[in-house]
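Taking it in order: structure first as structure tokens, then the write-up.
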There are 2 protein chains.
Amino acid sequence: MEIKTAMTSRQDLFDTLAQVGKALGSGHRLVLLERIAQSEASVEALASAADLTVGNASAHLQHLRRAGLVTATRSGKQMLYRLTDQRIVTLMSLLREVAETNLAEMERLVSRLFANDNFDGALEAISRDELLAGLKAGSVALLDVRSEDEFEAGHLPEAINIPLAQLESMLEELPKDREIVAYCRGPYCVLSHEAAQLLRKLGYQVRRFDEGFPEWKAAGLPIH
Amino acid sequence: MEIKTAMTSRQDLFDTLAQVGKALGSGHRLVLLERIAQSEASVEALASAADLTVGNASAHLQHLRRAGLVTATRSGKQMLYRLTDQRIVTLMSLLREVAETNLAEMERLVSRLFANDNFDGALEAISRDELLAGLKAGSVALLDVRSEDEFEAGHLPEAINIPLAQLESMLEELPKDREIVAYCRGPYCVLSHEAAQLLRKLGYQVRRFDEGFPEWKAAGLPIH
DNA sequence: CTAACATTCTAATGATTGTTAGAATAAAAT
DNA sequence: ATTTTATTCTAACAATCATTAGAATGTTAG
């Protein structure tokens, strides 16, 4: 009898832990989390980022909320969702690493996502350590190609912001004397990739950062 | 059209990533993983550890396998399952930390699991850093209260193994001159807790380690 | 070759989850 | 007060998942 209650409370504990796992067990929710990690955002903004109906997005957000991954506060008519905890970014990075290491399909999907990268490896990514070294040496300029509100909510130091859609018409903003490093939301965000491709076609020295703003912030590096 | 294919391959990628999340989204699978993290084990052993029928355990193990978290090799009539990757232990630790930080219910469940700890805080746990310091100073003796085969498959350096069930009849094995630190499978394993309680009742100087063997190993610390 | 054993597969069941459309709620603007 | 806007809730349905019992597969021992 004693043993049985011990067993069930142990199982209850793992079931509760599993709630957090379950929250990470939906592609739609992972996309929502990736977007929330950039900046707090309204249900409508999140629904559009994840390509969901508002009702459905709201339901997924409740799910994330029950799992303790996000919190919501009201601001006027809107509810703004944010991550409860920077460790959630680390959790997602680790999930990604484990998946990339152990699931053969991931490799195929990643290369399909970045499929138009057919410029003989020129669009190779730059790692966090290389980027830090380049920034210290003053040899690279940072370009943030996310939307303005994501940029406003936080960005890498010294970065300039040109959302991808406006890039071609705002080339004069770019420095000519340094290599440009473009970044965006994270490893599976295509914005920096497309920016790098466009700029390279136009003759710029450019690479993309292989992570994004949330990973930089979660690593405790300085932000603005 | 181009955008649509980009969108779907992006969604496919997150869906595949979500497979790993889903694998972590079941209490039964988390219990299986905790046990597998101790040592490779047969389906029957795993089923019994998680209190499942063999068929059901097998189905869950297939699920974990498809998610890339475990691999299986045949040894005679048995299939032996093991973790693909030490990072999975880290992933579970992070899951636990996030859950404990952000889910109020976790606290209640943890304290219920260790409910008979009513010895005025005497059974307080010792952290990894304190343990390392104590080992270096030679002031603590390590006691592994897991089963023999888990111990054989790997244990903390200098630890002696007395499975909990035999502890009371093997007290002469314990050193009298040092504080004893008991450990077992991990933070949610009750074995070390019950051992510490028993020994304390018998007058020993004893605490429990607040993690377990898998976390120690995943941290890259030396094992035997 | 046959028997015994460990595991996986299959089919059927109930339980849980994802999704949509539309009603209900809550705050802000007219 | 009424309307508009943003979000959540409800009910319903389809899809997926967990579980069991039993058949099928593969391996070892006699």
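Given the structure is predicted, the values throughout are model-derived calculations rather than measurements. All values below come from the heavy atoms of this structure, side chains included, with hydrogens, waters and symmetry mates left out. Residue numbering restarts at 1 for every chain, and letters A, B, ... go by the order of the sequence lines.
You'll find the side chain of A:R96 reaches within 4.5 Å of the side chain of A:Y188, heavy atoms only.
Within the structure, every side-chain polar atom (N or O) of B:Q78 is placed at least 4.0 Å from both OP1 and OP2 of D:dT27. Of the side-chain N and O atoms in A:R29, one or more sit less than 4.0 angstrom from OP1 or OP2 of C:dG18.
One atom, CG of B:L61, and another, C1' of C:dA6, lie 13 Å apart when rounded to the nearest Å. In this structure, B:K77 atom NZ and D:dG30 atom P are separated by 9 Å, rounded to whole Å. Rounded to an integer number of Å, the gap from B:H63 NE2 to D:dT19 P is 12 Å. Spacing between atom CD of A:Q62 and atom C1' of C:dT17 amounts to 15 Å, rounded to whole angstrom units. Here the C1' atom of nucleotide D:dT16 and the NZ atom of A:K22 are 13 Å apart, to the nearest Å. Rounded to an integer number of Å, the gap from B:N56 CG to D:dG22 C1' is 15 Å. Atoms CG (B:D15) and C1' (C:dG18) sit 12 Å apart, rounded to a whole Å.
With no hydrogens or angles considered, no side-chain donor-acceptor pair links A:D15 and A:Q19 at under 3.5 Å. There is no side-chain donor-acceptor pair under 3.5 Å between B:S169 and B:Q166.
Under the 6.0 Å distance and 45° angle rule, A:R208 counts as a cation-pi partner of A:F114.
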